[in-house]
Structures are given as C-alpha cells and as structure tokens.
Amino acid sequence: MSRGARRVAASLLLLFASAALAAPLRLWHGYRGGEEEAIERIARQFTAETGLEVEALAVPYDALSSKLTSAIPHGAGPDVFIFAHERLRQFHRLKVVAPTPALETDRYLLPAVAALELDGAHYGYPLAIKCLALFVREGVAAPDSTDALERVLPAHLSPDTFGIAWEAGDFYFHAPILAGFGGQLFGADGRARFDTPEMARSLTWVKSLQDRALLPQEVSGALVKTLFNERRIAMAISGPWFASEIDPQLGYSVHPLPVVSQTGLPMSPFLGVEAAFDSARSEQAEAAQRLARYLSVGDATLQRVTLGRQIPAELAAWDDPLVSGDPLISAFRAAAERATPTPNTLEMARVWEPMKLALKAVLQGGVAPEDAGALADRRYRALNREALPQADPRPWLIALAVGVSWLLWRHARRPRQPSPETWLGLTWVAPAALGLLALVLIPFVIGLSLSLFHHEAGDYTFVGGANFVDILTSRGYRFNEPLSFYFTLAVTLLWTAVNVVLHVSLGLFLAILLKEPLLKLRAVYRVLLIVPWAVPNYITALMWKGMFHRQFGAINALLGLLGVEPVSWFTHWSTAFAANVITNTWLGFPFMMVVSLGALQSIPADLYEAAAVDGASRWAQFRHITLPLLRPALLPAVILGSVWTFNMFNIIYLVSGGEPGGGTDILVSEAFRWAFQRNEQYGFAAAYSVLIFVVLFVWSRITRRLSGEEPA
Amino acid sequence: MSDVRLVGLKKRFGDNAIVKGVDLEVQAGEFLVMVGPSGCGKTTLLRIIAGLETADEGEVYLGGQRVNELPPRERDVGMVFQSYALYPHMTVRENLAFGLTLRKLPRADIDARVAEAARMLELDALLDRKPKALSGGQRQRVAMGRVIVRRPRLFLFDEPLSNLDTALRVQMRGELSRLHRQLGVTMLYVTHDQVEAMTLATRVAVFNQGLLQQLGPPMELYLRPTNTFVAQFLGSPSMNLLTARRDGAHFRGAGFTLDAVGEASGEVKLGLRPQDLRVADEGPLRGEVLAVERLGFDGYAFLQTAAGPLAARFEGSSVEVGQTVAVRPLGDVLHVFSADGARALRHP
C-alpha cells in the first residue's frame with residue numbers, strides 16, 4: 001500500500017468515525033471564490049460559537065438545483081442550502097424546503113422578504129439580492145433617462161466602438177425595459193401575454209439602438225466583458241457579478257437603470273433573492289434553523305459583503321460604514337429599490353423560450369417589433385401543452401403481461417440442461433450483465449415507461465400513447481414548422497447525410513494525400529490533421545461559435561478581406577445549418593481519415609500495379625480498386641459516424657443553439673429542450689427519445705443488410 | 001524484327017545500383033527467360049519494361065517505339081505477378097474482363113474473349129468464384145488468363161510459379177510452353193529457377209549483379225558458358241571448378257594431373273560437369289566421400305579432394321560415405337576458364 005493510499009484510508013476512517021460521533025450540519029451552496037470563502041468562515045465561526053459542526057459543500061451552481069430535488073426527498077441531502085428564490089415554488093411542491101415561521105420580517109429589505117413568501121408563509125432567510133444595474137465607464141455622464149442615454153451614446157461611436165451593451169437576446173435583460181415601457185408580462189389570470197403594444201414599443205426601442213450601432217449585435221456575456229474591458233463601450237447593463245470581471249485598472253460607477261422617457265417609468269429589473277433554506281427532511285431541524293438564521297444576520301452579513309461582495313438583504317448591515325460606504329454595494333441597493341422580485345410562479349419558467357425567440361427574431365431575424373409578440377405567443381402556446389387526460393393503464397398492463405409471459409413461455413419451451421458449466425459461465429458473464437442492466441437496460445425501460453406519462457410540476461399522469469399521438473400528428477403546430485417532429489426529423493436526416501458525406505470524402509481525400517510516400521513531413525501533417533479529433537468537441541464547438549459571430553467573428557473578418565459583406569450566420573436557416581455542418585465536419589473528418597488511412601495501407605500495392613498494366617488510369621484505379629476494397633473497413637465507420645452525427649447534440653446546442661427559431665434543432669436537441677427548457681415535459685421528451693430510438697433501430701437493420709452483402 | 005530492345009539501362013534505389021547498364025534485344029515470338037540469383041536486377045528490368053519503374057538511364061523500345069515516358073496502360077503489355085495480384089473483390093470472370101472493360105470493348109467481345117481464355121486455361125467452372133475460393137494453381141491460371149484475354153503484344157512473367165508446389169510447377173511449365181506455341185506472342189519470363197529457364201526458354205539471359213552475363217539458347221549456355229558464373233549457375237549439380245597450372249602437356253593442380261587441352265597457359269580454372277565424371281577404381285582425382293545423393297541405379301558422390309570439393313556421378317557401384325574413391329573424366333570434357341573465371345578459353 002502506497003503512502004498516499006494509506007493516507008486516504010486513514011482520512012476515510014476518520015471521516016466515518018466523526019460521522020458516527022455527531023452528524024455535522026450539512027450546508028450546500030453554489031458559491032465560488034470570495035463568496036465561498038465567506039461562507040466557510042461563517043461556518044467555522046458558527047461552530048466556534050455553538051459547538052455545532054458544519055460541513056459546507058460547494059456544488060456547481062448548474063447542478064445544485066437538480067441535486068437538491070433528487071437528494072433531499074431521499075433523506076440524503078443537506079440540512080441547509082443556499083439558492084435563489086425563483087425555484088421556491090418548485091422546492092415547496094417537491095417538499096424539499098421547510099417553512100420559516102420565525103422569520104423576523106422587519107429585519108430585511110422588504111422586496112427580499114416578499115420574494116420568500118408563498119401562500120402566506122415564509123420560507124428561508126434572505127441573504128443577498130441581485131439585480132441588474134447600469135455600469136458606466138469613468139468620464140462618461142451617467143444617464144438617468146433613455147433620452148439622456150441616447151444623447152450621451154453617439155459621442156462614443158466609432159467603427160470599432162459602440163455605446164452600450166447587454167445580453168439583448170435574453171429576456172432577463174429585456175424584462176426591465178419592458179417594465180419601463182409599461183408592459184406587464186402576466187395578466188390578471190396569471191397567464192403570460194406577449195402580443196402587447198408595450199412589448200412592441202420596448203422591442204422597437206432596442207432595435208433602434210442596434211440599428212444605430214449604439215448596441216452591438218449578438219451580444220453574449222463574454223462579449224460584454226470584453227467590450228467593456230477593452231473600452232469599446234461606454235456602458236453596460238449587468239449584475240453585481242460583473243464587478244469581478246472588470247479590469248481593476250478601469251474606473252467605473254454603478255447606477256440604477258434609467259427611466260424610460262416615453263412613459264416616465266423606471267426600468268425595473270428582476271430582483272433575485274438568495275436565501276438560506278432549511279431542508280424539509282433535516283433530522284436536526286432546530287440546529288438547521290439556527291444555522292440558516294446565523295448565515296443571514298449580523299457579522300455573517302458583513303463577512304458576505306466584504307469577502308463575497310454581496311448586496312446584503314439585512315437592513316442593519318446598511319448602517320455599517322463598511323457597507324454604506326461601498327459605492328458598488330450602495331449603488332446596487334439603489335438599483336434594487338426599483339426592482340421587482342422575479343415571480344416564483346411556474347408560469348415564469350415558461351416565458352423564457354418564447355421571449356428569446358421574439359428577441360432574436362427582432363434583433364437578428366428581420367421580424368418587425370410589432371409582429372414579435374404574436375410570434376412569442378404562438379411559441380408559448382405550442383410549448384405549454386395542455387395537460388393530457390389521464391388514460392386507463394389497464395390495457396397497457398395487460399399487453400405488458402401478455403408480452404412478458406410470451407417471452408417467458410418461449411424461453412421455457414426451449415429444452416436445456418443446466419450443467420455445472422452453466423453456473424460457472426453465468427458467474428463469468430454476471431459483471432458485464434449487471435453493468436449492462438444498470439447502465440443500459442434499466443434506463444431504457446424507465447425512458448420507455450416515462451414516455452407514457454405526462455409530467456407537470458412534479459406530478460406524473462399516465463396518458464398512454466397520447467404523447468406519441470401528439471408528436472406524430474404534430475398537434476399544436478403545422479407540419480412544416482420547426483417545432484414539428486417531421487420538420488425536425490427532416491433536418492436531422494439532412495444533417496446526418498450531409499455530414500457523413502463530407503466526413504468520408506474529406507477524410508478519404510486527406511488519407512490518400514497522406515499515403516503518398518513522397519509527401520514531405522507526412523508524420524507532421526498526420527498529427528495536425530488528427531488534432532481536431534483530440535480536442536474535446538464542446539471546446540471546438542464554442543470556438544467555432546465565436547468564429548461565426550457576425551461582428552467579431554474570424555470568419556466574417558476573412559470574408560471581409562475578400563470583399564464579402566458580413567454574413568449573419570444564425571439569422572437564416574441555411575447559414576446556421578451550414579455553420580453547424582462546418583463545425584461538425586471539422587470534428588468528424590479525422591476519424592474517417594484515420595479509418596481510411598489504415599484501410600488504404602492494407603491494400604496490396606501490386607493490385608494497383610496489376611490494374612495499371614491492365615489499363616487503369618489513376619481514377620479507374622481509385623474507382624475499381626481503392627473504393628471497393630475500402631468498403632469493408634469504411635462501411636462500419638460510416639454506420640457508426642451516421643449514428644454519432646444523428647445524435648450530435650453538442651454541436652447543435654452550442655453552435656447554432658437551434659437558431660433561427662429552433663429551425664436547426666435536431667431530434668436529440670429538441671428532446672433535450674422539451675425535457676429541460678420547456679416546463680419539464682419529461683414524458684413528451686421521453687416519447688421523442690423513443691422515436692429517435694425507433695429511427696436508429698430501423699437504420700441499424702438497414703445497414704446490417706447492407707454490410708451483410710459483404711463477403712464474409 | 002526485335003520486339004523489345006533495351007539500351008544501356010541503369011537503375012538505382014538509393015545507394016544501391018540494381019541494374020548497371022543492360023543492353024538486350026528480344027525477337028518477336030521469342031520466349032526469353034531472364035534468370036539469375038536474387039538481387040541480380042532481373043525483376044527490376046521486367047518492371048522497367050512494364051512501366052512500373054522508370055529507368056535512371058538508358059532507353060526502352062517496344063515494337064520499335066521508345067516508351068520510356070509512357071504509362072503502363074499505353075505500353076500494350078500484360079504482366080503476371082509473383083503474388084498473382086488478383087482483384088479480391090471481383091469474381092474470376094470480372095478479373096478476366098477487367099482490362100477489356102476499361103478499354104470499353106463491346107460486351108459480346110468481352111464475353112467471347114473471356115470464354116475463350118477460360119476454355120484454354122480450364123477455368124470454365126470457376127468463373128463465378130472469387131479468388132479466395134481458388135487453389136494456388138487456379139489463381140495462377142486466372143492471372144495468366146487476365147493477360148491472355150487482353151492479347152497484348154508482350155507477356156511479362158515475374159516468377160509466376162514460385163508460389164506453387166513441385167508437381168503443380170511441372171504441370172504449369174508444360175502449360176506455359178503450350179500457351180507460347182499456341183499464341184506465338186513474345187514472352188519475357190523472370191525466374192531464379194534454372195530448370196524453368198532450361199525447359200521454357202527459346203533463349204536464356206543470365207544476369208548477375210545487375211549485368212547481363214550471357215544470352216543464348218539454353219543448350220548453348222549449358223555447353224558453352226562464357227564465364228564460370230554462367231557455368232555454375234546452369235546444370236545440377238553445379239560444374240566443378242578446379243584451380244590448375246599449365247605445365248607443358250598437363251594441367252597440374254593440388255593432388256591431381258590432367259592431360260592438357262587447348263592453348264591456355266599459366267594459371268587457369270578447369271570446369272568439369274559432374275555428369276562427365278565417374279567414380280571408378282582408378283582415376284586422376286581422389287578424395288573422401290562426404291555425402292551421397294542416390295537417385296536409384298545411379299547418383300552423385302560429393303567428395304573432398306586436395307583441390308577442393310568435387311561432385312561426380314556414379315553408377316551401380318556401392319559408394320559409401322567415408323570411403324576414399326577415385327574419379328575419372330569420360331573423354332574430352334574439360335572446360336577451361338581464365339584464372340579469374342571471367343572468360344572461357346576452351347569448351348569440349
């Protein structure tokens with residue numbers, strides 16, 4: 001046993017021993033950097049004061065929510081967890097969070113307390129608030145209205161610089177503008193409304209900024225950071241997290257978002273409240289309440305402010321000169337006074353995708369601002385499928401029983417004599433069989449069953465084949481709309497065919513070049529050409545995504561040198577599709593090249609000589625010798641490649657992201673969206689997956705027949 | 001008229017000179033066998049004629065036309081490879097028809113020619129098989145058929161029988177001879193097997209170290225070799241070579257004296273074919289028997305004499321290993337070569 005292994009064993013022993021003595025309070029959070037440091041310090045302080053052990057665990061923020069909702073109901077989660085309030089309703093419904101009857105409501109900022117209220121009860125202790133504000137570079141006059149903004153910005157324009165930037169394609173950033181134009185997203189009935197005059201006016205205003213180049217195109221968070229740090233914009237709209245991304249050499253100030261001059265209303269951003277929630281399943285409920293409260297008040301607050309740069313929710317903290325004297329923190333407090341807590345309703349989760357569609361349609365797609373609302377409305381209705389009627393599960397169970405008994409009967413009918421070898425054989429097969437069972441068979445059966453259910457907010461309803469009927473009859477949208485299964489299937493098939501053809505032809509072409517023994521530096525080229533394959537494909541995808549950017553991408557820059565007008569790659573279906581194909585071809589050809597190279601090298605040279613003497617030109621040799629002899633090696637590679645491409649989620653999701661309007665989504669990315677971006681319609685997504693399985697199953701039968709023709 | 005003419009051909013691979021200046025003329029309708037040990041350049045020569053290699057220096061003429069720059073397919077030659085190089089993915093019929101299909105001959109012509117070749121080579125029953133379902137001899141015949149159907153002006157064979165067992169080889173030799181008589185076409189045949197050379201050729205070209213040693217009908221080479229290399233290369237067992245010195249009316253060597261013939265003087269190499277020597281009770285050469293190769297009634301004894309190893313024929317008499325025996329020549333059988341072996345001075 002190595003020293004390292006001994007050390008690990010020893011620490012594991014210690015861990016178990018301490019767990020047996022007194023279970024520490026478990027605290028889960030998604031913080032990193034200064035915020036994480038603050039939380040760890042506060043936890044130690046808490047232990048010193050109370051003698052209660054705390055075990056703080058930083059979970060990646062993206063995974064935290066799903067970990068909480070899966071771990072806590074099984075009694076395996078934390079006692080206290082820190083999360084934003086938007087998920088409160090979901091946590092409550094899944095019985096993950098415990099109420100906080102003892103919350104001292106007057107201790108905290110009013111909107112923060114309001115955000116934590118659900119049906120008259122409060123949940124969690126508010127820690128910090130987050131909202132959008134206006135970051136203004138030093139030397140630029142901070143505008144308090146849109147008119148002032150539009151007066152200030154043109155002075156900062158040049159071919160290479162812009163006025164202001166924010167992630168205009170994201171509704172989180174558009175919400176304050178909509179509010180400033182008097183728009184209300186939710187009607188009195190709680191349902192979202194998009195097709196309103198206020199929506200049209202807010203979109204018109206943003207579009208007018210972009211048309212005047214005051215606002216750049218296709219802005220991402222990374223781009224805002226780059227532009228601001230390179231002094232290419234005068235202002236940015238962002239949240240408190242942005243402060244840590246700004247170049248420390250750069251002077252700036254933070255202000256509340258301006259008032260919309262047309263209406264006189266302030267832009268009102270969404271307010272996110274981070275709170276320490278108590279787990280509903282904590283075995284030390286009292287201690288957990290103590291810890292959660294401790295995190296939210298007094299010295300803990302100051303720690304979070306000074307170390308974590310948080311905007312505190314506790315009122316008392318504002319009397320401390322450390323807090324009130326901090327210009328950034330006071331600026332965000334001022335901004336928060338105009339903010340509205342993000343609704344924690346289920347309806348809220350449903351507006352993001354339709355709004356994204358509308359925003360991108362206006363900013364990139366040439367849709368008039370007046371028509372975008374209707375577009376979002378249509379998408380909203382298509383995505384939020386009405387609950388399906390419950391179906392009678394009995395016929396399904398009977399069919400299942402009949403199927404299983406038939407299989408068992410067929411199995412039992414076959415005469416067999418178990419021998420000692422049978423058992424020995426079974427033990428040898430068992431590890432692999434168990435692995436397959438756990439990793440393939442069980443998930444498959446669960447996925448299959450899931451496709452017969454409708455999921456809404458934690459409740460599963462058995463609906464029989466209704467999901468499939470909806471998909472296959474394209475209910476709610478036309479057959480030729482991007483949301484239709486048939487449209488997506490056609491895109492997927494085209495995507496697969498185009499890619500495989502390009503991968504094979506490019507790979508084969510390069511393999512033939514590389515095989516040429518006279519080529520100098522052959523080994524170097526070979527390594528270089530395999531590199532795209534060696535780089536993780538999501539990294540490649542993100543690099544290409546950046547290169548396809550309309551204003552800042554390398555590809556348009558190169559085209560510009562050739563005198564070609566910049567192409568807005570993700571605005572049109574054909575260019576977005578081409579961008580995906582280019583990226584995936586870059587990733588896919590090395591595999592085919594390696595396979596072809598190996599197969600080419602196994603073709604005896606004298607066959608080419610015999611053919612040359614027989615009268616074959618180079619092309620005839622390729623056609624009659626190379627291609628037929630490559631077939632046995634290339635066919636499996638093509639089959640494999642086609643399946644990979646058919647399900648190539650990363651490229652679609654990261655490069656075009658389905659733009660424009662979901663038109664370039666393939667089946668698997670569409671299934672992902674239904675499951676995770678459209679109100680968690682797990683059953684519907686599972687039905688999509690089953691259909692994907694059916695398509696690939698049919699394809700594998702066809703290809704088996706194709707390769708069956710090969711001489712064995 | 002000469003059908004193939006090579007002028008001053010040279011070829012090197014890296015630092016290795018493989019062909020060092022070869023001039024050769026092959027007459028129309030001839031079956032010329034190029035023979036020599038491994039690495040003597042004979043295969044390279046054949047590949048240069050086919051157009052699969054380019055010569056560094058010198059010229060290749062086919063039917064009077066200089067073809068140095070022509071690709072193989074424009075030279076109108078057919079070639080049978082040592083490995084046969086059959087197209088594994090094609091049936092026998094497709095293999096045979098391939099060259100014709102490329103030349104876009106009418107379907108009916110192709111079928112007729114394939115049928116004819118198949119009949120000639122007894123491949124009729126195998127036409128729909130793929131190469132891997134054929135025996136070695138059958139593959140060999142397909143490889144020949146592939147050339148026959150194209151009716152090229154020149155057939156090239158690169159050690160075509162070397163992958164066959166002895167019995168098949170004898171049979172195929174016969175078939176090749178028959179084919180040559182039947183087609184009357186010029187054939188160039190590379191081998192390292194002197195038996196193939198002797199039995200097949202109208203003329204034999206012996207190569208060594210990239211140079212042509214001697215060119216002529218097989219029996220002329222056997223009877224009148226121009227140097228000790230050719231003398232030893234043809235005939236089995238090889239010709240005995242003994243170093244001797246002319247001393248008036250005698251050749252004297254280590255432990256032997258033979259009656260002198262011819263005009264040679266000074267130091268010479270004497271050549272004696274084992275077939276021309278008999279183990280006997282009395283003779284000018286004596287030695288200890290190291291090995292015996294008995295072929296039935298007669299055989300060869302391999303002796304160690306004072307002048308070096310010596311092979312001699314014996315008949316009937318019981319020759320045993322370890323015995324010391326005498327050997328005598330059967331009449332005027334002495335070949336005389338210059339001391340360095342490069343020139344023949346006298347043949348019997």
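What you are looking at is a predicted structure, and each value in this text was computed from that prediction instead of being measured. Numbers restart at 1 for each chain; the letters A, B, ... are given by sequence-line order, proteins then strands.
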Main-chain N/O of B:F31 paired to B:T202 side chain as donor or acceptor, under 3.5 Å
yes
At a heavy-atom distance under 4.5 Å, which candidate from A:P604, A:A605, A:A616 has the highest pair count against chain B?
A:A616
Is it the side chain or the backbone of B:R47 that comes within 4.5 Å of chain A heavy atoms, both, or neither?
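Only the side chain of B:R47 comes within 4.5 Å of chain A.
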What part of B:L86 lies closer than 4.5 angstrom to a heavy atom of chain A: side chain, backbone, both or neither?
backbone
Taking the side chain as C-beta and beyond, is there a heavy-atom pair between B:R107 and B:D111 under 4.5 Å?
yes
Answer with side chain, backbone, both or neither: which region of A:A611 has an atom nearer than 4.5 Å to a non-hydrogen atom of chain B?
both
Fit a plane to each ring of A:H624 and B:F98, take the angle between them on a 0 to 90° scale, and name the class: parallel (under 30°), tilted (30 to 60°) or perpendicular (over 60°).
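If you compare the ring of A:H624 with that of B:F98, the planes turn out perpendicular.
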Hey, can you tell me if A:F589 and A:W586 have their rings parallel, tilted or perpendicular (30° and 60° cut-offs)?
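Answer is perpendicular, since the angle exceeds 60°.
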Residue, of B:E74, B:H89, B:Q82, B:M79, that accumulates the most heavy atom pairs under 4.5 Å with chain A
B:H89
Indicate whether the side chain of A:N580 and that of A:S656 have a donor and an acceptor atom separated by less than 3.5 Å.
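There is such a pair (donor and acceptor under 3.5 Å, judged by atom type) between the side chains of A:N580 and A:S656.
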